[in-house]
Novice: 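Structure incoming, see below.
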Amino acid sequence: MQHTRTVEQPGREAWSCRSVFILAAIGSAVGLGNIWRFPYVAYENGAGAFIIPYLFALLTAGIPLLFLDYAIGHKFRASAPLAFRRLHKRAEFIGWWQVGICFVIAAYYAVIVAWAVRYTFFSVTTAWGDDPEGFLFTNFLRQQDGAEVGATLVPGVAIPLLFVWLAVLFALALGIQRGIGRANKIFVPLLIAAFLALVIRSLFLPGSLEGVSAFFTPDWNVLREPTVWIAAYGHIFFSVSVAFGIMVTYSSYLKRKSNLTGSGLVVGFANSGFEILAGVGVFAALGYMAMVASVPVDEVVSGGIGLAFIAFPQIISAMPGGALFGVLFFGCLVFAGYTSLISLVQVVIAAVQEKLGISRVAAVVGVGTPMALVSLALFPTTTGVNVLDVVDKFTNHLGIVGVALVSVVTLSWVLRRLPELQAHLNSVSTVQLGKPWIICVSVITPAVIGTMLVTELHSLLKDGYSGLPTLFVGTFGWALQAALIIFALVAATLPWRAPRNEFLPAAASQIEVRT
């Protein structure tokens, strides 16, 4: 016979209100990739026509997976490992796999934020001179030729990187509301305001309309190519911070009565709106650069590090009022990177805090110190760029995709928990979910990300990566990803030092225990 009794449980940190959670979720989702990756991916995959597969991917994968992460975190009130454990004891390793991925990404993501900090100041004097590429790799990063690992620190990178880590850990030590919430309440609005100013300035540059026209002019023929649709899903997947454990962790701090689907729609469309705005701003500036160089727009288009730290410095040097434009652009990279970095580190801190039953400050020191040391040892060195490149490639295209595939297949087909999670979402949300949500999560998403994973595996096994030595790629690519899986399996076997029911949010301290 079952008896229900109500017991008091120690409180857990919580967001003060839903709007703070939404700002934090947007701060996590809107990162460096929104600014330097989306415009390039869109242009290379049909420009204006890419919006169709992009929106389709957002509606069938991005937002449904956001809802899934919100449901897991909010229902089971815990960090990623404990939330998955509460789903099923043997699913705990999925959460630890996500924790390991966040650890690795945070370690190298921080150094790119540090680059952006330095370039914010370089913009004032256009310190890169007439050769931004040479300045980046030779003068600033001081990169050596060849793929090897050295221990020679570059002070101009290591010092700002140290300050980035101190700023992140300080915010995290203050807690969910006073630290993470307050940081996002400050930096997300600053990011939006600065980027709007940047876009407006770009649109008034000579040649800007040609650039924007190139960004939006559709090539409808590409819609018949499967690779374009896979590219759309791939970008959405990385863009909205799903499968990292971030949204599971963040949603676990929401109060019991929180509109989960409404929040997911706001975050998903805000992220996409920012990306399209980024495309307008970036291509307006590239249109100006093409006009100055008297070449077509397609000859100046680039993405990633090349766009941010080579192409944009060239634009800043050539345009009137370039210093202000540069400060705005690199300031946006700093704001976007900082809020995303906070969310990555919080995943690791929350998991360790709950596993070991220690205080937040102890977890921040215990987790943040080794993360900062790894980051400082590997990436602000004279050999750090190749290490960063390989780690980023394998973690994003194998690690994240792999754990996402395992998690959705496990939840959908092994544990069959989607109806339960759907019911939880519907019980607290205004937008009700039906069978289409389950189809998106259990059929469409596994099919797409499974295809992505197989394609990437085949390419890397056949061709290697970027012409780098096999041993180098094997160490920082294949071996690192294997180590993350081993870490996850081992961590899941370790005992929980604190009772696993002690980590309920303050707003949910009344729970039912069935005996």
Novice: Please tell me whether Y108 and T395 have a donor and an acceptor in their side chains that are separated by less than 3.5 angstrom.
Specialist: no
Novice: Find the distance between OG (S429) and OH (Y70) and round it off to the nearest 0.5 Å.
Specialist: 10.5 Å
Novice: Do other residues, nucleotides or ligands put more than 12 heavy atoms under 6.0 Å from the CZ atom of R417?
Specialist: yes
Novice: Whether the side chain of K75 engages the backbone of L87 through a donor-acceptor N/O pair (distance < 3.5 Å, no angle test) should be reported.
Specialist: no
Novice: Among I444, I230, V401, which residue satisfies the side chain to side chain contact (heavy atoms under 4.5 Å, CB included) criterion with I449?
Specialist: V401
Novice: Counting only N and O atoms by type, is there a donor-acceptor contact under 3.5 Å from the side chain of Q422 to the main-chain atoms of L433?
Specialist: yes
Novice: Would you mind listing every side chain to side chain donor-acceptor pair (under 3.5 Å) that reaches into residues 442-466, with sequence neighbours excluded?
Specialist: D389-Y465, K393-E456
Novice: With rounding to the nearest 0.5 Å, note down the distance linking CD1 in I192 to CZ in F335.
Specialist: 12.0 Å
Novice: Evaluate side chain to side chain contact (heavy atoms under 4.5 Å, CB included) for F394 paired with L460, printing each intermediate quantity in order.
Specialist: CA-CA 9 Å; F394 278 76; L460 289 170; 3.9 Å; yes
Novice: Taking only Lys NZ, Arg NE, NH1 and NH2, and the carboxylate oxygens of Asp or Glu, determine whether E92 and K355 approach each other closer than 4.0 Å.
Specialist: yes
Novice: With sequence neighbours excluded, tell me which residues meet ring pair (Phe, Tyr, Trp, His ring centres under 6.0 Å) with F283.
Specialist: Y43, F215
Novice: Not counting sequence neighbours, which residues clear ring pair (Phe, Tyr, Trp, His ring centres under 6.0 Å) with F93? List them please.
Specialist: none
Novice: Any side chain to side chain donor-acceptor pair (under 3.5 Å) pairs touching residues 234-243, not counting sequence neighbours?
Specialist: S28-S241, R37-H235, H235-E275, S239-N271, S239-E275
Novice: Go through the steps for V365 and L169 under the test side chain to side chain contact (heavy atoms under 4.5 Å, CB included), then give the verdict.
Specialist: CA-CA 8 Å; V365 174; L169 298 181; over 6 Å; no
Novice: Just how far is it from atom CD1 of I246 to atom OG of S340, taken to the nearest 0.5 Å?
Specialist: 7.5 Å
Novice: State whether the side chain of S427 and the backbone N or O of H424 hold a donor-acceptor pair below 3.5 Å, judged by distance alone.
Specialist: yes
Novice: For N184 and T339, test the side chains for any donor-to-acceptor distance below 3.5 angstrom and give the result as yes or no.
Specialist: no
Novice: For the side chain of N45 and the backbone of F50, is there at least one donor-acceptor N/O pair under 3.5 Å apart?
Specialist: no
Novice: Are a donor atom and an acceptor atom from the side chains of R77 and H74 found within less than 3.5 Å of each other?
Specialist: yes
Novice: Output all residues satisfying ring pair (Phe, Tyr, Trp, His ring centres under 6.0 Å) with Y54, sequence neighbours left out; order by chain, then residue number.
Specialist: F38
Novice: Look only at the side chain of E13 and the backbone of G175, and say whether a donor-acceptor pair between them is shorter than 3.5 Å.
Specialist: no
Novice: Taking CZ in F487 as the centre, count heavy atoms belonging to other residues, nucleotides or ligands within less than 6.0 Å. Is the count above 12?
Specialist: yes
Novice: Assess the pair H397 and F238: is the distance between their ring centroids shorter than 6.0 Å?
Specialist: yes
Novice: I need the S407 OG to D69 CG distance, nearest 0.5 Å.
Specialist: 7.5 Å
Novice: Identify, with sequence neighbours excluded, every residue that meets ring pair (Phe, Tyr, Trp, His ring centres under 6.0 Å) alongside Y250.
Specialist: W15
Novice: Given 3.5 Å as the limit, does a donor-acceptor pair link the side chain of R86 with the main chain of F76, or not?
Specialist: yes
Novice: At what distance, to the nearest 0.5 angstrom, does CG of D392 lie from CZ of F476?
Specialist: 14.0 Å
